[in-house]
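Right, one structure below, let's go through it.
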Amino acid sequence: GKSNEPSKEAGKTSTESAEKATTNETESSSGEPKYGGIFRSYLGNDLKTLDPAFATAEREGKMVSLLYDSLVKFDVNGKVIPSLAKSWETPDDSTLIFHLVDNAKFHNGNPFTAQDVKYSFERILDPEVGSPRTWVFEKVKGAKDFMEGKSDSVEGIEVSDDYTVKITLEQPFAPFLSMLGMPAAHIVDKNEIEKYPDQKDYAFNPVGTGPFKFVEYSNGDKFVIEANEDYFSGRPYIDGVNYRIIQDESTAVAEFEAGNLDELDIPTADIDRLKNNPAYAPYILTSNTFWNFYIGLTFNKEPFNDIRVRKAFCYAIDREAIINTVKRNAGVVSNGPIPPGLDGYREGLNPYPYNIDKAKELLAEAGYSEENPCSFELWHSDSKTNVALLEPIQAMLNQAGFKAKLVAMEWNSYKAAVRAGEAQAFYLSWGADYPDAENYLYPLFHSSMSGGGGNETRYNNPEFDKIIEQAQRTSDYDERIKLYQKAEDITIEDAARLWLYLSKEWLLYRPEVKGAKIYRIFNADKLLDIWLDR
Amino acid sequence: MSEKLLEVKDLKTYFPIQNGLFGRSTKYVKAVDGVSFDVYKGETLGLVGESGCGKSTTGRSIMRLIEPTEGKIIFDGKDISSLNKKQMLKIRREMQMIFQDPFSSLNPRKMVKEIIGAAFEIHMSSMRKKEREEEVAKLLEVVGLNPDYITRYPHEFSGGQRQRIGIARSLALKPKLIIADEPVSALDVSIQSQVLNLLNKLQKQFSLTYIFIAHDLSVVRHLSDRVGVMYLGKIVELTDANRLYTKPAHPYTKALLSAIPIPEIGVKRERIILEGDVPSPINPPNGCRFHTRCPKCMDICKEKEPDFKDIGDKHYVACHLVNG
Amino acid sequence: MEKTQLMNKSQKKEPEKKNKSNNPWIIAWRRLLRDKTAVFGLYIIIFLIFIAVFAPILSPYHPIEDFNLSEAFQGPSMKHWFGTDWMGRDILSRVLYGSRISLTVGLASRVVTLSIGITLGALAGYFRGKVDMVIMRLAEIMDAFPNFLFAIAISVAIGPGLYTVFFALGFVGWSGMARLIRGQVMLYRESEFVEAARSLGASNSRIIFKEILPNCMAPVIISTTMGISSAIMAEASLSFLGLGAQPPTPTWGSMMNFGRQYIWTAPYMIIFPGLAIVLTVYGFNLFGDGLRDVLDPRMKD
Amino acid sequence: MIKYLIRRIIMLIPVMIGVSLVTFSLIYIVPGDAVEVIVGERASEEIREKAIEELGLNKPFHQQYLSYMSNVLKGNLGKSYINNKSIKESIMERFPITFKLTLYSFAISVIVGIFVGVVSAVKQNTVIDSIVRGTTLLGVSTPVMFSSLLIIYIFGVWLKVMPVSGIGDGSIKYFLLPSLVLGLNSAVFTARLTRSCMLEVIRQDYIRTARSKGIAEKIVIFKHAMRNAMIPISTNLIMSFGYLLTGSVITETIFGLPGLGSETVRAVFQRDIPAVMGYFLFQAVIFVTFNLLVDISYALINPRIRFN
Amino acid sequence: MEKKEEMLSVKDLRTYFYTHDGLVPAVDGISFNIKKGETLCVVGESGCGKSVTAMSILKLVPTPPGKYVSGEILFKGEDLLKKSHEEMRMIRGNDIAMIFQEPMTSLNPVFTVGNQICETVMLHQQLNKKEAMEVAVEMLRKVGIPLPEKRVREYPHQLSGGMRQRVMIAMALSCNPILLIADEPTTALDVTIQAQILDLMRKMKEETGSSIMFITHDLGVVAEMADRVVVMYAGKIVEQGSAEEIFNDPRHPYTNGLLKSIPRLQGKRKEDLHVIEGMVPSMYNLPKGCKFNPRCEHATDICKSKEPPLIAIDSNNEERKCACWLLEKRRLYK
Ligand SMILES: Nc1ncnc2c1ncn2[C@@H]1O[C@H](COP(=O)(O)OP(=O)(O)OP(=O)(O)O)[C@@H](O)[C@H]1O
Ligand SMILES: Nc1ncnc2c1ncn2[C@@H]1O[C@H](COP(=O)(O)OP(=O)(O)OP(=O)(O)O)[C@@H](O)[C@H]1O
Ligand SMILES: [Mg+2]
Ligand SMILES: [Mg+2]
């Protein structure tokens with residue numbers, strides 16, 4: 001039963017939201033929610049998979065969380081809140097006991113139980129499956145043995161009864177609870193997966209417990225999901241979502257303006273225009289995100305194996321000017337790995353202010369001159385927005401005595417090459433998998449994370465390693481934050497990455513769309529708030 | 001008569017027709033199918049016949065511009081049908097060709113001096129450019145053109161003038177034998193006589209030997225000492241020019257002669273009008289090739305090919321009528 | 001006597017009078033100059049070459065180094081006639097410099113096409129038989145690939161860049177050029193002037209290079225002129241997909257490519273390079289059309 | 001005729017082998033690690049090796065090629081490295097879209113192109129002819145991306161009468177704008193071709209003969225001249241259909257049509273090797289088929305060939 | 001000489017071409033007439049305007065670049081040049097039919113020969129397709145094509161040159177035209193085939209009694225076919241008269257030279273032929289005065305400055321004309 005009642009208070013709600021939007025609220029107006037209607041949105045590219053074990057990219061993570069649930073999820077601000085686990089206890093620093101909801105069902109009708117949790121988590125660790133996200137559960141007791149084939153199950157994941165799971169870690173690891181909100185920790189149904197001899201074939205046949213059911217996906221065209229009437233915490237207001245695949249941002253803008261989309265992720269280029277258009281302004285939502293963009297400087301490669309060159313690099317770029325013009329409203333300057341909004345963030349940190357003279361000086365010290373400029377390649381994944389940002393950076397670097405060449409690569413090969421440490425310098429971003437400052441330090445800088453883990457720069461500083469490991473074990477919150485900050489300082493001093501900016505999200509909705517919110521964690525929005533007034 | 005300059009023995013030139021699944025040739029155009037004749041020093045041998053009967057192919061095969069399929073070509077006592085490229089190069093100085101089409105026989109992108117000078121470039125590479133141009137100028141004078149024309153391009157000349165340039169080119173190396181392939185058939189009547197006179201003059205001046213190919217019987221007669229009549233890849237009659245025109249022996253020759261319109265009023269002639277067209281050289285008729293159109297066809301003509309026989313006074317004919 | 005003298009006089013005068021003019025190419029050229037549209041096309045081309053050569057003098061700003069973030073996204077004004085791009089570079093200067101890339105790509109890719117096409121086409125057309133068979137099969141294989149996709153594949157395979165574009169665009173065109181040359185060579189191979197050269201004992205290479213090829217040039221020139229315009233267009237398309245010369249090199253295609261994200265806010269970023277492409281391609285097409293009328297004997301009336 | 005056809009088809013075999021070889025080698029020189037793409041981030045050595053083994057990437061070139069081709073002959077084109085989708089399925093899904101787009105564009109191209117071409121040929125050297133020549137030339141000179149963006153802006157955003165992109169429910173209105181862009185672009189070629197063919201034919205002796213018989217000018221043009229001009233025109237048209245089928249990359253990209261062209265570009269960019277191979281082979285087959293059709297149609301409409 | 005009815009009379013016809021390279025006065029003020037049942041031969045060198053004359057009569061000259069600058073073409077008393085397109089169409093193929101030089105290219109390759117003959121018949125005789133086809137078969141039989149029932153269904157390329165020319169003749173005669181214009185109908189054919197065609201044309205003429213305007217440059221053919229002859233040079237008529245008069249008593253130096261320069265079957269071999277010096281003048285750049293003066297061995301001052309009029313030279317015979325200043329001194333060079 002879908003209801004599609006005509007709106008009674010359309011006029012009123014829209015003025016209300018206009019007021020809010022101008023104050024950059026992260027939430028659009030509400031009113032009396034109505035059920036029904038298909039939400040028309042779009043995706044910027046094809047989906048590669050809908051299998052939680054393989055959904056590593058933002059886009060897939062978002063979609064996966066509509067189809068599946070994990071034990072916990074995040075609220076608008078990134079706080080961990082219950083999901084399939086209605087509550088949990090922490091008897092000690094390395095143990096978690098989850099009490100599960102008893103009314104959740106998979107889309108195929110199978111009930112959700114604790115067994116499914118164990119199966120789903122072990123599946124991630126199973127080398128046969130080959131998930132790239134093993135690290136999420138690596139710290140669970142017995143995970144290593146299981147991965148090496150020494151045991152048939154993971155010791156640290158215990159099913160106490162149908163609705164209780166106990167997870168034990170090797171050692172205290174504070175961020176673990178938030179990690180359970182990651183796509184990899186979504187719960188799958190064993191029966192479904194085992195239908196496919198090749199697990200890869202499961203990718204586009206997803207069956208979860210999530211608020212939406214999979215209907216159809218076709219590459220380059222559309223992704224359709226419908227509301228799960230039996231969702232354990234109550235069905236979503238909307239009847240479903242029609243995602244079209246629109247690769248070109250400006251096309252998406254045109255589609256939105258032509259009235260064919262309910263939602264627009266406003267491209268940087270159009271923010272000003274739409275913001276200043278009174279017809280659209282009331283329906284714009286904006287929010288800072290946890291996406292922190294940086295240029296990585298590879299430590300074991302010429303010329304960035306020299307700290308003077310790295311520092312020169314950092315000084316040479318007027319990030320303020322670039323972000324303010326190129327990113328306009330879509331980003332704020334970032335000065336360190338820990339983003340605002342997470343504990344540990346420090347206001348006023350600005351280790352490398354624009355100083356071209358200093359940059360030149362440092363380069364000269366390092367033995368470069370006008371005849372012998374410091375030349376290198378700056379790799380990036382092939383996208384117009386990337387080039388738009390990197391071209392001025394390149395120009396500034398060249399003014400300072402570098403000779404930078406931009407090399408664009410297709411995303412997959414780019415990621416592969418960067419992970420393999422082939423790039424001298426590269427442009428990437430890091431977003432929170434879980435809202436903890438640790439997520440911006442350990443994966444990015446710990447020596448064990450070299451390569452695919454996150455530390456593509458091959459940064460290796462034993463002191464840093466020591467501090468961050470210590471922080472992970474520290475259960476005292478304030479103490480831990482201090483350690484994070486100390487670790488952050490080390491990475492900044494080493495100029496391991498040049499932090500550029502934190503992106504800001506701008507969403508524009510049709511006036512009929514109510515209740516939209518921007519969640520700070522990318523996969524937190526399960527579209528349970530949104531409703532359509534038409 | 002003087003000594004033989006050229007002997008052609010049983011010359012055959014077939015062109016393969018690409019056919020079959022793998023481009024193998026299963027059929028041939030028998031353009032020249034067993035032709036024999038001699039050419040004596042200083043004479044003009046005329047070859048006449050209808051379009052497609054193999055006149056040009058005969059000429060080109062003698063020059064080895066096309067490789068003959070079979071047969072011998074003995075030039076100046078040497079069998080040239082098996083010479084390699086290098087050896088052939090020497091022979092080329094002695095044999096030259098004049099072509100039919102005054103428009104396509106001169107390279108439109110080259111100046112006269114280059115067109116004619118090519119002969120010297122190839123055969124006398126030591127010759128300097130200046131000398132070469134002088135030679136070309138001289139040749140132009142020989143063929144009755146203004147020597148200043150050496151820097152002109154072919155398109156600046158009329159048909160007759162072009163034909164003169166072609167003649168000058170063929171004379172450049174002072175050859176012994178010139179094969180003229182329909183040199184006047186593309187020209188207007190008023191120009192044709194100029195070229196015919198020139199050819200005549202040059203023959204005397206340089207004691208040349210000609211093989212003169214044409215389809216116009218009166219033109220051939222005018223220039224030739226002996227005339228061969230070709231039909232469908234074969235010579236059907238070969239004899240002295242006067243004799244051929246006064247006492248033709250082969251029915252085809254007779255028909256051909258009677259078919260020529262004569263530019264005179266009131267001359268009554270008996271006309272033999274041949275039925276039908278020349279058959280295709282891909283599938284020539286059995287027996288005598290002419291039997292399909294012959295007004296005097298006999299049974300034997302359909303089965304047996306007549307021999308090419310001397311019926312006296314070096315008058316060669318291939319016809320059962322004459323034999324019998 | 002009197003008459004012949006007269007004739008000689010007039011004949012002698014003639015070659016002097018039209019001294020340089022008798023070269024068939026020059027005659028064709030003069031005919032071309034009588035065709036108004038072709039001349040218009042020629043003006044455009046000359047104008048473009050002029051711009052390409054003097055881009056550094058004509059451009060008010062440096063296309064790469066003169067960026068000024070505080071002047072980004074300015075619409076056309078007296079200071080910046082075509083406006084500025086997202087990092088405050090002068091679009092006019094970039095468009096002017098872009099002509100260099102476009103023309104170079106147009107020419108360089110044709111050089112590649114011509115050298116492969118002429119060599120293989122001449123070999124196939126002249127020697128026929130097995131050589132022809134092999135070359136034509138190769139050409140058929142080439143033709144079986146959709147040209148533009150193949151160019152994309154080549155660009156991806158050897159990595160994007162200006163030289164890649166030269167090669168990719170040049171390479172995909174060779175089969176057409178080879179066919180053209182082959183057809184021409186086969187035509188002239190049988191012509192009487194080639195026969196004449198052969199009867200003089202000219203070597204194969206002499207016949208190909210001195211007798212045949214100069215005569216094949218007319219269609220080659222036409223197709224090359226047209227080819228330049230399609231190469232410029234293809235370069236723009238490749239750049240549009242991010243496969244052309246890499247930033248910050250100013251090329252029209254990549255300017256359009258980047259301008260596309262600002263199409264609703266700064267349409268001048270896409271309009272001016274777009275118009276530059278239209279103008280250039282139009283110029284070459286006009287000229288090529290005129291050439292066809294003059295050089296293609298079939299079109300002569 | 002049938003013999004000729006068989007011969008033509010047999011001749012295709014070496015071509016197709018060549019095409020597959022070229023594609024296969026092209027893939028070989030493409031930088032980027034296929035395995036990396038498949039196994040993804042953080043894969044262990046074992047996983048990598050397993051993948052290599054599975055894909056047979058450790059075998060020598062010719063073995064890989066042969067096993068690939070034997071699969072192809074069995075109708076198995078493999079699966080995408082990127083999304084694990086069967087290539088055959090992808091083709092089946094996407095080709096109809098490209099085909100539709102092509103068909104509509106082709107219709108526009110033929111109707112507009114031939115009409116304009118004939119008019120300008122018949123009115124040679126008049127104002128109409130000059131206008132037609134000028135505009136068609138301008139049309140040829142306008143990049144599709146430029147006209148596409150323009151047309152999207154006008155009809156989709158400004159007038160809001162047409163969908164901007166995508167195929168929606170697959171109905172014709174979604175194809176209208178892209179077909180218009182592509183069709184007009186190719187109409188311009190058709191018009192130029194038609195004009196020159198008509199001019200050539202009109203000069204022929206038999207047209208003079210027809211006129212000398214007292215036949216009305218309209219019939220001379222539309223019966224005598226057109227029938228002859230249609231021989232080169234229609235063969236070219238068939239070929240242009242082939243080009244359209246594979247040449248709509250930019251249009252598909254801009255209009256967000258999930259056709260085979262944009263998908264091929266995607267595959268090439270992402271080094272989705274089996275996809276690239278499959279698409280290229282498929283398009284080569286299409287192309288070669290059209291070549292064959294050209295030959296056959298040439299034979300069918302040209303009595304001179306028909307009877308040989 | 002009996003007086004015959006005049007059927008076509010051309011008066012001071014001028015057809016010029018305005019080309020890029022200059023003005024071509026292809027037909028420059030010619031007048032002649034054709035009488036009922038007679039064969040008029042037009043001779044002259046290539047490019048002298050024979051075809052343009054013929055095409056002008058049917059108004060088939062492409063305009064532009066061509067233009068009928070002046071003159072009258074009176075056919076059955078009406079001026080064709082003043083007729084509308086529609087009126088001309090009814091005359092073409094019906095009253096006046098034409099055969100062209102190139103049998104290879106003058107037939108439409110995509111229609112069967114039967115079709116092409118039918119078309120004319122259906123148009124001018126209001127017959128239906130079936131009846132027209134019967135006429136076509138009949139016509140083909142008349143022109144001596146074996147198995148006409150089969151041949152009507154064949155395409156031109158399946159026929160040999162001689163056959164195609166017969167088809168052309170059949171087509172031209174299918175509506176019983178009063179005047180048949182044959183533009184070098186045998187030039188492209190071999191002698192034996194030419195003989196067949198000429199024979200056929202003579203027969204057909206006898207049968208139908210139509211007049212023929214026969215264009216050729218072969219004087220032999222003229223001698224065989226012509227009742228009367230018109231000699232053209234560079235767009236002008238230089239001489240006209242009956243066939244005997246032209247061949248036996250040529251008055252113009254050009255006609256005379258032409259006749260003398262042909263090698264004859266019973267002439268002396270290898271002897272120098274008479275030569276007309278120089279070459280045919282370019283139509284773009286015609287000499288002043290008499291067009292023939294640069295090549296004429298008798299040219300005088302007046303020849304170089306003033307054009308001779310075409311005047312009757314026999315007071316008894318107004319059809320005998322010549323355009324030469326030297327007419328009076330004719331005996332001097334005969
Ligand atoms: N290169 C070739 N390939 C195939 N067939 C050829 C070739 N050259 C000539 N032929 C054929 O050989 C036959 C004789 O040709 P050839 O040119 O010798 O005739 P011809 O007597 O010179 O005729 P014409 O008077 O037309 O010049 C013709 O049927 C012709 O079609
Ligand atoms: N369409 C045309 N445009 C320009 N000039 C033309 C055209 N048609 C004919 N001419 C010119 O008119 C002159 C007379 O041509 P015409 O065809 O009447 O000659 P002809 O006597 O029939 O010659 P031939 O014996 O070669 O057929 C020639 O100089 C020719 O160049
Ligand atoms: Mg010949
Ligand atoms: Mg003529």
Side-chain angles (χ1 to χ4, degrees), chain A residues 247-257 264 266-277 317-328 330 354 377-399 404-410 413 417, chain C residues 61-75 84-91 93-94 152-153 155-164 238-251 253-271:
Chain A
Q247 305 203 346
D248 192 61
E249 289 180 336
S250 39
T251 308
V253 175
E255 286 284 10
F256 183 87
E257 295 199 50
L264 175 71
I266 308 177
T268 313
D270 294 283
I271 293 173
D272 271 349
R273 183 174 65 92
L274 298 178
K275 204 173 67 178
N276 296 329
N277 184 338
I317 298 165
D318 185 354
R319 289 169 298 149
E320 202 84 33
I322 293 177
I323 304 309
N324 288 344
T325 42
V326 180
K327 283 289 155 196
R328 294 242 147 177
Y354 177 54
E377 288 183 352
L378 173 50
W379 291 11
H380 60 93
S381 80
D382 190 12
S383 99
K384 277 173 270 175
T385 33
N386 286 354
V387 178
L389 178 79
L390 295 175
E391 257 197 80
I393 288 182
Q394 176 193 33
M396 285 181 171
L397 286 169
N398 290 354
Q399 277 180 342
K405 190 179 165 219
L406 296 182
V407 177
M409 295 172 83
E410 188 278 326
S413 22
Chain C
Y61 302 90
H62 191 277
I64 298 166
E65 285 161 16
D66 286 342
F67 70 100
N68 182 347
L69 291 169
S70 59
E71 281 189 10
F73 297 117
Q74 291 192 352
T84 60
D85 66 5
W86 78 98
M87 49 190 286
R89 292 179 300 201
D90 183 47
I91 292 177
S93 306
R94 286 179 69 76
I152 291 175
S155 304
V156 169
I158 47 185
L162 200 51
Y163 292 103
T164 306
L238 280 182
S239 290
F240 190 73
L241 295 174
L243 288 172
Q246 295 300 294
T249 320
T251 82
S254 64
M255 287 170 80
M256 283 186 75
N257 184 24
F258 286 111
R260 205 169 143 208
Q261 52 187 323
Y262 303 108
I263 184 167
W264 313 126
T265 46
Y268 45 86
M269 277 176 71
I270 203 164
I271 286 173

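Naming: A, B, ... by sequence-line order, numbering from 1 per chain.
- Ile393(A) CD1 to Met87(C) CE: the interatomic distance, rounded to the nearest 0.5 Å, is 9.5 Å.
- Contact annotation: the side chain of Phe67(C) approaches that of Gln399(A) to within less than 4.5 Å [non-hydrogen atoms, C-beta and beyond].
- Per-residue counts of heavy-atom pairs under 4.5 Å with chain C were compared for Glu257(A), Gln394(A), Glu249(A); the largest is that of Gln394(A).
- Within the 3.5 Å criterion, the main-chain N or O of Ala388(A) finds a donor-acceptor partner in the side chain of Trp86(C).
- Neither the backbone nor the side chain of Pro267(A) comes within contact range of chain C, judged by heavy atoms closer than 4.5 Å.
- For the set Gln246(C), Arg89(C), Glu65(C), the count of heavy-atom pairs under 4.5 angstrom toward chain A peaks at Arg89(C).
- Annotation: Lys275(A), atom NZ; neighbour count of heavy atoms from other residues, nucleotides and ligands within 6.0 Å is above 12.
- Shown here for Ala254(A) and Trp264(C), the closest heavy-atom pair between the two residues is CB-CZ2, 3.4 Å.
- For chain C, the option among Asn398(A), Val387(A), Leu274(A) with the highest count of heavy-atom pairs below 4.5 Å is Val387(A).
- Counting only heavy atoms from C-beta outward, the side chains of Gln261(C) and Thr385(A) approach each other to under 4.5 Å.
- Neither the backbone nor the side chain of Met409(A) comes within less than 4.5 Å of any heavy atom of chain C.
- The minimum heavy-atom distance linking Phe73(C) with Thr325(A) is given by the pair CE1-O, 4.2 Å.
- Taking the side chain to side chain contact (heavy atoms under 4.5 Å, CB included) definition, one finds that Glu320(A) meets it with Asp318(A), Asn324(A), Val333(A), sequence neighbours left out.
- Across all non-hydrogen atoms, the minimal contact from Ala269(A) to Thr265(C) is O-CG2, 3.1 Å.
- Interface residue Glu391(A): backbone and side-chain heavy atoms are both found under 4.5 Å from chain C.
- Heavy atoms of Ile263(C) lying under 4.5 Å from chain A belong exclusively to its side chain.
- Proximity to chain C involves both the backbone and the side chain of Ile322(A), based on heavy atoms less than 4.5 angstrom apart.
- Here the CG-CG distance, from Asp382(A) to Leu241(C), works out to 9.5 Å after rounding to the nearest 0.5 Å.
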